[in-house]
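Just so it is clear: chains get the letters A, B, ... in the order the sequence lines come, proteins before strands, and each one is counted from 1.
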2 protein chains.
Amino acid sequence: MSTKNKILDAADVLFADKGFNGTSLREITSQANVNLAAVNYHFGSKKELIKAVMSRYMDELSPQLESALSLICQAEQKPTLHEVFYAFIDPLLKLNEFKENGTSTFLQLLGRGYTDSQGFLRWFLTTQYPNVFTNFTKAVKIAYPELTTEEMFWRLHFTMGTIVFTMSSSEALIDIAQNDFDNKLDIAGVIERVIPYVAAGVAAPITNN
Amino acid sequence: MSTKNKILDAADVLFADKGFNGTSLREITSQANVNLAAVNYHFGSKKELIKAVMSRYMDELSPQLESALSLICQAEQKPTLHEVFYAFIDPLLKLNEFKENGTSTFLQLLGRGYTDSQGFLRWFLTTQYPNVFTNFTKAVKIAYPELTTEEMFWRLHFTMGTIVFTMSSSEALIDIAQNDFDNKLDIAGVIERVIPYVAAGVAAPITNN
DNA sequence: AGCTAGTTTAAACACCCGTTTAAAATAGCG
DNA sequence: CGCTATTTTAAACGGGTGTTTAAACTAGCT
């Protein structure tokens, strides 16, 4: 395997686990069995490495999400909110074929990116992959047209927060849940549980104060 | 003002803004106009300072939350989920009297603590302030007894995630929202919007797969 | 084989970190 | 006042950080 990929593979596990700030290049390169300077040689800087790690997932995910959402929007009958959110499941789970534990690693990275480094990753995602967001809001708008744009703005961000936050601590939660309820559970199980939650949240009746 | 309080005041703003790992003692002490060594003299270590910052809020909040929740549980008619969640609003908003921008700062700190430093703050909160959690689950159990303990476990963590994550990026979101919808909005407004969302999420019908 | 372009390597660089030290300053009190 | 205990201070410590350097190595190709 190429040095570049060895670095990427080691980096995304460590980044997901300990955050971007919390992971040093020395940890990454020793885990990847490559020289420290290789990161700067192949990627230029740590920041560019972070972008590369995220891009590897987004380039895989983004087209699949786009087609899944546009399929829903063009269907003869208008979709339910439940269907809109379920459109995310297959593309997300396919990341597991793309890479071992790809789904949960990616979602953890997303969570890290939201809170670490003062939102530079949010800027990166919204500017580099804007279609994912516009397609999603379009689909929600069709499924729940009564929702004002502003309410939708907030509820989608709440949803983003729920997903991302849950997944970034999903390993710990799964551990606790398996101890307390001895119920075999994996990342797909968590997704199965979070979808009804966020769908109900977005579908909540509009309160007019 | 005492050196100790100057440090605490500077620390919680910086911690909320840039995370625990992302804030150095040198930033804190220069912002507080005190000597670098003062932190270790008064608090012992950075970790103890983090605990002290959180305790200052929790000691204020915890009793108020406990009484608000037990009031609800002991009412003659069983509470709705909406009421259970609204019980949080007043105690949280009272943090603004306790300290300028106390509410949003505290919630941001909570978000930081969940993701930074591999969950040591979660351990700290659940072991030092267990009553808040048990009272909350008790109240939810009364309001929605059909929910299994396991489902409740997950939905409460989803809720925690939504709140904490939303608030940790609330400033940026409020900025965007005010630009796009020119709608005056503050932290209380965000709370007003997130409550129906999480209440609906927790109240979502049970799916049996 | 000999040259070149691409890659890897060990070492050093300059800087930031949390913590400790020991001296200086400041209060508090008999 | 003079003594003691507390607090503040500047400086240093040991270690970790991302990045850069220049030399060594390794293809690939004529």
Side-chain angles (χ1 to χ4, degrees), chain A residues 1-56 108-109 112-113 115-124, chain B residues 1-56 108-109 112-113 115-124:
Chain A
M1 188 187 317
S2 72
T3 300
K4 218 168 165 174
N5 278 327
K6 281 199 275 185
I7 294 175
L8 285 171
D9 285 346
D12 81 351
V13 172
L14 287 169
F15 280 154
D17 204 38
K18 318 169 72 167
F20 299 115
N21 297 332
T23 305
S24 70
L25 296 185
R26 282 166 177 82
E27 287 181 84
I28 294 170
T29 52
S30 80
Q31 180 80 29
N33 268 104
V34 303
N35 188 272
L36 166 63
V39 170
N40 290 282
Y41 176 75
H42 285 287
F43 298 95
S45 69
K46 186 180 181 181
K47 210 163 202 169
E48 289 298 320
L49 171 62
I50 296 174
K51 286 190 196 172
V53 166
M54 293 308 293
S55 291
R56 204 165 53 142
Q108 285 174 46
L109 286 171
R112 296 297 184 181
T115 48
D116 277 19
S117 59
Q118 284 169 310
F120 115 84
L121 195 63
R122 176 165 40 194
W123 164 86
F124 172 69
Chain B
M1 188 186 316
S2 72
T3 300
K4 220 169 164 172
N5 278 325
K6 280 200 275 185
I7 293 174
L8 285 171
D9 285 347
D12 81 352
V13 171
L14 286 169
F15 280 153
D17 204 38
K18 317 170 74 169
F20 300 116
N21 296 332
T23 305
S24 69
L25 295 185
R26 283 168 176 82
E27 286 181 86
I28 294 170
T29 52
S30 80
Q31 181 80 27
N33 269 104
V34 303
N35 187 273
L36 166 62
V39 171
N40 290 281
Y41 176 76
H42 285 285
F43 297 95
S45 68
K46 186 180 181 181
K47 210 163 201 168
E48 289 299 319
L49 172 61
I50 296 174
K51 286 191 196 172
V53 166
M54 294 308 293
S55 291
R56 204 164 53 143
Q108 285 174 47
L109 287 171
R112 296 297 184 182
T115 49
D116 276 19
S117 59
Q118 283 169 309
F120 114 85
L121 195 62
R122 176 165 40 192
W123 164 86
F124 172 69

Spacing between [X] atom [atom1] and [N] atom [atom2], to the nearest angstrom:
{"X": "Glu48(B)", "N": "dG18(C)", "atom1": "CD", "atom2": "P", "answer": "15 Å"}
{"X": "Leu36(A)", "N": "dT21(D)", "atom1": "CG", "atom2": "P", "answer": "15 Å"}
{"X": "Asn21(B)", "N": "dT17(D)", "atom1": "CG", "atom2": "C1'", "answer": "14 Å"}
{"X": "Leu14(B)", "N": "dG18(C)", "atom1": "CG", "atom2": "P", "answer": "12 Å"}
{"X": "Asn35(A)", "N": "dA22(D)", "atom1": "CG", "atom2": "P", "answer": "17 Å"}
{"X": "Met1(B)", "N": "dT8(D)", "atom1": "CE", "atom2": "P", "answer": "14 Å"}
{"X": "Leu25(B)", "N": "dA10(D)", "atom1": "CG", "atom2": "C1'", "answer": "17 Å"}
{"X": "Tyr41(A)", "N": "dT9(C)", "atom1": "OH", "atom2": "C1'", "answer": "13 Å"}

Between Arg56(B) and Asp9(B), is there a side-chain N and carboxylate O pair less than 4.0 Å apart?
yes
Ion pair present between Asp17(A) and Arg112(A), side-chain N to carboxylate O less than 4.0 angstrom?
no
Of all the nucleotides listed (dT7(D), dT8(C), dT20(D)), which has the minimum atom distance to the side chain of Asn40(A)?
dT20(D)
Of the options dT9(C), dT19(C), dT17(D), whose atoms approach the side-chain atoms of Glu27(A) most closely?
dT17(D)
At less than 4.0 Å, is any side-chain N or O atom of [X] found next to OP1 or OP2 of [N]? Yes or no.
{"X": "Ser24(A)", "N": "dT17(D)", "result": "yes"}
{"X": "Thr3(B)", "N": "dT8(D)", "result": "yes"}
{"X": "His42(A)", "N": "dG6(C)", "result": "no"}

What is the minimum heavy-atom distance between [X] and [Y], and which atoms define it?
{"X": "Phe43(A)", "Y": "Lys4(A)", "answer": "CZ-CG, 3.6 Å"}
{"X": "Ile28(B)", "Y": "Ile7(B)", "answer": "CG2-O, 4.0 Å"}
{"X": "Gly19(B)", "Y": "Thr23(B)", "answer": "O-OG1, 2.8 Å"}

For a quick check, tell me whether the side chain of Arg26(B) and the base of dG18(C) share a donor-acceptor pair closer than 3.5 Å.
yes
Classify Thr23(B) by what it touches in the nucleic acid, base, sugar-phosphate, or nothing, heavy-atom distance under 4.0 Å.
sugar-phosphate
